[in-house]
Amino acid sequence: MFESNEVRASTSTKTALDVLDPVKELPLPPDFLWGVATASYQVEGGAEQDGKGPSIWDDFSHRNPSVTSGEDGDVACDHYNRLEEDLALLASYGVDVYRFSICWSRLIPLGGRNDPINEKGIAFYNNLIDGLLARGIRPAVTLYHWDLPLELQKRYGGMLNTAEFQADFEHYARLCFSRFGDRVTQWITFNEPYITALFGFHSGILAPGHSTKTGHDSTTEPWRVGHSQILAHAAAVQTYVTDFQPSQKGAISIVLNSDFYEPYDANSEADKEACQRRLEFYVGWFGDPIYLGADYPASMRKQLGSRLPQFSDAEKDLLKMTAPHNTFYGMNHYTSQFARARIDPPSEDDHTGNVEELTTNSEGVEIGPLSGVSWLRVTHRQFRKLLNWAWNRYQRPIYITENGCPCPGENSMTLDQAVDDQFRIRYFGLYIDAISQAINEDGVKVAGYYAWSFMDNFEWAAGYTIRFGITHVDFPTGTRTPKKSAAYLKETFERRRAAAANGKVKNGKL
Ligand code: PNW
């Protein structure tokens with residue numbers, strides 16, 4: 001995942017589309033929100049502009065060009081300098097909401113609680129937020145989407161130092177609430193803490209690039225980094241609820257990503273248990289402490305023993321106190337896999353719950369058709385099951401905070417071919433149908449949907465080779481061209497919401 005693992009179109013797009021189910025265009029509630037999402041390092045550029053300090057991603061991409069396909073986010077989509085154009089484009093797409101992240105080192109170049117604040121960085125996000133509101137678009141703000149101020153990594157090891165990180169994150173969050181909170185009603189503390197912990201501190205594919213290969217202890221670091229994010233999250237929630245929410249009236253939570261898992265052998269009890277355990281190691285790791293105010297899942301305690309940190313009494317109190325204030329569940333979801341129970345005992349650096357992950361089951365059936373990247377297959381039925389799983393366990397209204405895919409062969413296409421993104425349109429249609437079924441047939445509360453992504457951007461270790469945008473970006477010139485999926489999303493959400501409003505819906509069907 002995340003490496004440059006582009007899937008080139010070996011067959012024509014028509015053939016790839018033929019194997020996908022048809023879209024039913026099922027209805028959605030009239031107040032369902034839709035929008036698009038981005039992250040600061042993936043789109044902004046302006047790496048050294050107006051006093052911004054370096055982040056671990058500036059450092060990582062410059063030091064390890066081979067890991068990031070020789071690319072970096074120095075310019076990316078140059079969103080920092082093309083703000084007006086991008087605001088106009090967002091408005092033309094008819095979105096209700098826009099999810100973006102703040103680059104911490106733009107606001108506090110060195111990152112720490114006693115370090116100076118950069119007013120020019122604050123001004124950029126003020127312009128963005130005001131520009132959105134002027135166009136009737138509501139901002140949803142992620143505080144941390146992977147670009148930690150580099151100085152904090154150097155000063156005390158960043159997330160490896162729980163107490164320092166928690167204090168600095170709380171201070172940064174407070175700054176954001178106080179400067180932007182009068183206009184922001186949806187806050188997200190961390191994007192995908194699972195990916196930060198495991199890809200930043202286990203495989204080393206993402207910044208800061210720790211792994212056993214670089215001399216780090218990947219049997220303990222991911223669990224410490226997860227612990228730090230949970231406690232920093234809880235501290236920020238407490239600050240928001242105590243000092244800002246009474247007047248600002250916004251909502252706050254976190255975004256957890258995960259695949260769904262189907263048993264490799266549908267008749268094997270061990271494989272069925274492996275699916276549940278895999279989800280606990282993926283989602284329960286963060287979801288149980290944050291939404292339930294509980295300890296880590298028992299399956300994790302059992303396997304990881306003393307390598308999984310303990311919560312002190314004061315920390316347990318903080319989690320219990322803040323849990324009910326996480327009023328929505330932010331879900332990033334792309335794909336699913338089969339899970340097979342391993343027979344041998346888990347290795348010390350296992351993070352799966354001793355589960356083998358596969359794309360083909362015991363009968364040789366593939367989980368779904370391949371998109372334009374090797375880790376992502378179209379698995380809309382499993383998406384519906386994951387929505388049910390998260391709703392049953394946490395009982396919070398769900399926002400899909402990211403969902404999308406690259407088309408097979410997209411990066412090798414001409415502009416005309418790339419904007420005719422029928423594969424992506426089908427993917428969106430099927431996944432939105434799954435949301436409709438979860439709401440109307442299963443009784444799951446899903447409140448909104450953000451497509452990933454507003455535009456093609458810096459896809460981390462894959463550089464610019466993997467394109468997730470509903471807007472094509474020609475990176476040498478920065479030229480934006482809407483893909484057909486942009487118009488499709490606007491029309492399909494209008495149609496699906498109107499269907500319900502017009503009373504044309506019976507039993508959730510048109
Ligand atoms: C997300 N998986 O990460 C990130 O939040 C985005 O920044 C990124 O651009 C996007 O996905 C597309 O890759 C992922 O489990 C997290 O397969 C998890 C998975 C994939 C991507």
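Nothing fancy with the numbering, it's 1 onward along the sequence. Counting starts at 1 for both ligands and their atoms, following the listed order.
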Return yes if a side-chain donor-acceptor contact under 3.5 Å exists between [X] and [Y], otherwise no.
X      : Y      : value
Asn326 : His233 : yes
Thr465 : Glu6   : no
Ser211 : Ser218 : no
Tyr291 : Ser253 : yes
His216 : Glu221 : no

Side-chain contact test, heavy atoms from C-beta onward, threshold under 4.5 Å: evaluate it for [X] versus [Y] and give yes or no.
X      : Y      : value
Tyr261 : Trp389 : no
Asp421 : Tyr427 : no
Phe281 : Thr352 : no

Is it the side chain, the backbone, both or neither of [X] that has a heavy atom closer than 4.0 Å to ligand 1?
X      : answer
Asp259 : side chain
Asn457 : neither
Tyr194 : neither

By number and element, which atoms of ligand 1 are closer than 4.0 Å to a non-hydrogen atom of [X]?
X      : value
Trp146 : 3 (O), 4 (C)
Tyr282 : 15 (O)
Glu459 : 8 (C), 9 (O), 12 (C), 13 (O)
Asn257 : 15 (O), 16 (C), 18 (C)
Asn191 : 5 (O)
Ile195 : 16 (C), 18 (C)

Measuring from atom 3 (O) of ligand 1, which candidate in Glu192, Gln337, His145 has the nearest non-hydrogen atom?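 Going through Glu192, Gln337, His145 one by one, Glu192 has the nearest heavy atom to atom 3 (O) of ligand 1.
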Among Phe199, Trp375, Tyr41, closest by any non-hydrogen atom to atom 17 (O) of ligand 1: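 Heavy atom nearest to atom 17 (O) of ligand 1 belongs to Trp375.
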How long is the gap from CG on Asp147 to CG on Asp58, to the nearest 0.5 Å? 8.0 Å
Under 3.5 Å between any N/O of Tyr334 and any N/O of ligand 1: does that happen in this structure? yes
Report yes if some N/O of Thr335 lies less than 3.5 Å from some N/O of ligand 1; otherwise report no.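 No, no N or O pair falls under 3.5 Å.
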